[in-house]
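What follows is a single structure, written as structure tokens, with notes after it.
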Protein chains: 2
Amino acid sequence: MVTLAEVAQHAGVSASTVSYVLSGKRSISANTRQRVERSIRELGYHPNAGARALASSKSNIIALMVPLRTDMYVPVMMEIAIAVATAARTHGYDVLLLTGEEGPDAVRRVAGSGLADGMILMDVELDDERLPLLRATDQPSVLIGLPADTNGLTCVDLDFRATGALCVEHLAKQGHQDIAVIGEAPAVYERHTGFAERTLDGLRSRSRELGVRLLHRPCDGGYDAMAVTLARILDERPGTTGIIVQNESAVEPLLALLRQQGRAVPEDVSVVAICPDQVATQASVRLTSVAIPAQEMGRHAVEHLVAKFEGRGSDEVVLIAPELTVRGSTGPAPTRP
Amino acid sequence: MVTLAEVAQHAGVSASTVSYVLSGKRSISANTRQRVERSIRELGYHPNAGARALASSKSNIIALMVPLRTDMYVPVMMEIAIAVATAARTHGYDVLLLTGEEGPDAVRRVAGSGLADGMILMDVELDDERLPLLRATDQPSVLIGLPADTNGLTCVDLDFRATGALCVEHLAKQGHQDIAVIGEAPAVYERHTGFAERTLDGLRSRSRELGVRLLHRPCDGGYDAMAVTLARILDERPGTTGIIVQNESAVEPLLALLRQQGRAVPEDVSVVAICPDQVATQASVRLTSVAIPAQEMGRHAVEHLVAKFEGRGSDEVVLIAPELTVRGSTGPAPTRP
DNA sequence: ATAGGTTGTCGAAGCGCTTCGATACCTATT
DNA sequence: AATAGGTATCGAAGCGCTTCGACAACCTAT
């Protein structure tokens, strides 16, 4: 294991000089810099992370807390996690993966031990139990998702309210009067996950404004649950011509069932999905959808956190504007007989 | 920030005593231990990770390298990653998330900086470019997946060869003579990912032994690709009565297409999937399947790595025996007219 | 010619912890 | 009674780095 001191000796300078070459915090003559850099290369030197952390009180690590649940939105979570890791590297940070398992204790452990310089929390609930701790330790942090009280917190999320509104608008504009919403699993609502409720909020208020009728039903993933939910919807509102789905694992079952019942998409029923683009383009019908911008969310989260490290951060809520991509699954409402 | 020294002072003992209470490496009287533990609680002390790493040359961190690609098997990857993180915690380790982005350099960086005590590599290719480096730095490591040359390496994986064999056996036992295999995306084979080739190997040799005919076609995920692939298969082998799928994102499209063509599952066609249980149970037909034991793989990987840290590790290849669960998608081959 | 700035380098202190003797006391064993 | 072996504790060194103050060497402006 090569140390700073060995590099210094090899280059014929003092240890501090090598350190300054590495950090650039003091000016170094071109000559010396080159000699040092050459020694570093020749000896294959890598600074020791622990020593660095100890001396500088900076670990260059960002903790990422992902939910333990694998019951929803897994690909999106994964994409966000990877986006976070990638973005973090471009700023010189590594990412520590914490699962929800430990719960709030993880916050305490990380903050207390100086393991990470800050943390990013995913899957934030409206009244998340980690938040009081986060506020107490003044650990720099960014949330992906929106809690009920965002006071003193920095949050990044898709604007799900606007997303809901956008979906309704798109269908209403095409003449749909009766719209059904197939939502997340009931458990998601029970847990008071913010995004689900906000989407619903956007859906409801916009449909009220536009004077269209809206029916919302939570739905577990999978074929069987979907069959029950769809039957119930069509029973209650036989005139439904527009469907909005917000549950990745309900998308394909829904399309299969519609097909099976002889309802053509988009001629008889229009379908709008809120899901990653990959799902929308790979489904059996190319779906008109609002994408979940996982990449962008991950990148934003990292950038805001790094900004905080550098003292230029501000507590703010960043809502990413939704974008609706029209594909083949929506069209004008069929004229009533 | 509370330090060891402060705890020591508060408890009226020396710093080293506190350290020994924490590590248990020397005997401490019950009395002293309790006093120290009380001080620790009262002051809310957390050992500083950096200092600890520096002094002990142990970071208590495991690096996990996940593939950057999100084109395949994402939920499985995620499940493994979470299983690794969870298992690591039970052994007192945290997990550092590295993306494939950096490639082999990440291995060098982590090994050189002492950031992690060892690493777990996922999505290992047959001739993986990270392996030479791994062998050069004697960084403790475990691979999830199997490279061509496992010499000097510890690997954990599902026994995909046995998996292939098991699928063929199950179908052959029910009288199926013409079996089609819908494989992973062509890109996966081009990349020479071990598991895909090993599955194929198992499928082929067992079908040869059992005297059944086998047709293998790679297939991208999604509906359109599946339609093309299925049409081609049924064109070449109209008598196909058994289908084995090894591509999560082809499962639902396949079932939809079969339904659409009036082929009943399992009366006309039997389908066996190689996929996580969740996919098998949530599909529109409850699928007979061989599960990918993500949890188990993650746990095994961690345990072997920790064993290496403690000097009781051995280089070995752990192949997890596949288990086939019979659900509703397979049955006796239809009798030929 | 001199005061005042820059620039480039060094030495030393110290970050918070682990760990290796050393020491002091106590209990068995001869 | 003298010795050996345990047990419980302390002090000090040192892990590899960052960073501060000092200082020499050189500019520039008066």
Side-chain angles (χ1 to χ4, degrees), chain A residues 1-37 39-40 43-61 92 94 109-117 309, chain B residues 1-37 39-40 43-61 92 94 109-117 309:
Chain A
M1 223 222 157
V2 189
T3 69
L4 226 215
E6 292 172 313
V7 173
Q9 188 172 15
H10 185 272
V13 297
S14 74
S16 48
T17 302
V18 177
S19 178
Y20 287 123
V21 167
L22 249 31
S23 69
K25 292 190 179 173
R26 283 202 185 171
S27 48
I28 298 286
S29 69
N31 188 339
T32 307
R33 156 171 292 112
Q34 280 162 21
R35 272 218 321 290
V36 170
E37 279 166 353
S39 299
I40 288 178
L43 299 180
Y45 169 73
H46 282 269
N48 181 87
R52 198 166 243 198
L54 177 56
S56 66
S57 330
K58 279 217 52 188
S59 63
N60 282 291
I61 288 180
D94 273 298
R109 194 167 59 85
V110 169
S113 66
L115 234 186
D117 296 331
F309 294 157
Chain B
M1 217 213 165
V2 188
T3 69
L4 228 215
E6 291 172 313
V7 173
Q9 190 173 13
H10 185 272
V13 297
S14 77
S16 48
T17 300
V18 176
S19 179
Y20 287 124
V21 167
L22 250 29
S23 68
K25 291 190 180 173
R26 285 202 184 171
S27 49
I28 297 286
S29 69
N31 188 339
T32 308
R33 157 171 292 111
Q34 280 164 20
R35 273 219 321 290
V36 170
E37 279 166 354
S39 298
I40 288 177
L43 300 179
Y45 169 71
H46 282 268
N48 182 87
R52 198 166 244 197
L54 177 57
S56 67
S57 328
K58 280 217 52 190
S59 63
N60 282 291
I61 288 180
D94 272 299
R109 195 165 59 83
V110 169
S113 65
L115 234 184
D117 297 330
F309 293 157

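B/Leu43 approaches B/Val7 most closely through the heavy-atom pair CD1-CA, 3.8 Å. Taking both residues in full, the closest heavy atoms of B/Ser29 and B/Thr32 are given as OG-OG1, 2.8 Å, listed atom of the first, atom of the second, then distance. A/Gly12 and A/Arg35 make their closest contact through O-NH2, 4.0 Å (heavy atoms, listed as atom of the first residue, atom of the second, distance). Here the closest non-hydrogen pair linking B/Tyr45 and B/Leu4 is CE1-N, 3.5 Å. A/Val110 approaches A/Ala116 most closely through the heavy-atom pair CG1-CB, 3.6 Å.
When the shell of 6.0 Å around CD of B/Glu6 is examined, it contains more than 12 heavy atoms from other residues, nucleotides or ligands.
You can see that DNA chain C meets the heavy atoms of chain A within a 4.0 Å-exclusive cut from C/dT7 to C/dG16, reading 5' to 3'.
Proximity of residues 2-16 of chain A to DNA chain D (heavy atom under 4.0 angstrom from any strand atom) is restricted to A/Thr3, A/Leu4, A/Ser16. Near DNA chain C, meaning a heavy atom under 4.0 Å from it, residues 23-32 of chain A has A/Arg26, A/Ser27, A/Ile28, A/Ser29, A/Thr32 in order of number.
Panel note: side chain A/Ser59, backbone A/Leu115; a donor-acceptor pair is recorded below 3.5 Å. Side chain of B/Ser113 to main chain of A/His46: no donor-acceptor pair is present (N/O by atom type, distance under 3.5 Å, no hydrogens or angles).
The separation between B/Tyr20 atom OH and D/dT9 atom P is 13 Å, rounded to whole Å.
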Hey, mind stepping through B/Val18 and B/Val13 against side-chain contact (heavy atoms from CB on, under 4.5 Å) and telling me if it holds? CA-CA 7 Å; B/Val18 176; B/Val13 297; 3.8 Å; yes
Taking it one step at a time, do A/Arg52 and A/Leu22 satisfy side-chain contact (heavy atoms from CB on, under 4.5 Å)? CA-CA 12 Å; A/Arg52 198 166 243 198; A/Leu22 249 31; 4.2 Å; yes
Run the numbers on B/Val36 and B/Ile28 for side-chain contact (heavy atoms from CB on, under 4.5 Å), then give the verdict. CA-CA 10 Å; B/Val36 170; B/Ile28 297 286; over 6 Å; no
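For the side-chain hydrogen bond (donor to acceptor under 3.5 Å, both in side chains) condition, the pairs that include at least one residue of residues 12-25 of chain A, sequence neighbours left out, are A/Ser14-A/Ser16, A/Ser14-A/Thr17.
Taking the nucleotide of DNA chain D with the nearest heavy atom to each of A/Arg52 and B/Ser56, the more 5' of the two is matched to B/Ser56.
Every residue two or more places apart in sequence or in another chain that forms a side chain to side chain donor-acceptor pair (under 3.5 Å) with B/Asp94 is listed here: A/Arg109.
Axis orientation changes by 50° from one end of the helix from C/dG5-D/dC26 to C/dT29-D/dA2 to the other, with each end axis drawn from 5 pairs and the value rounded to 10°.
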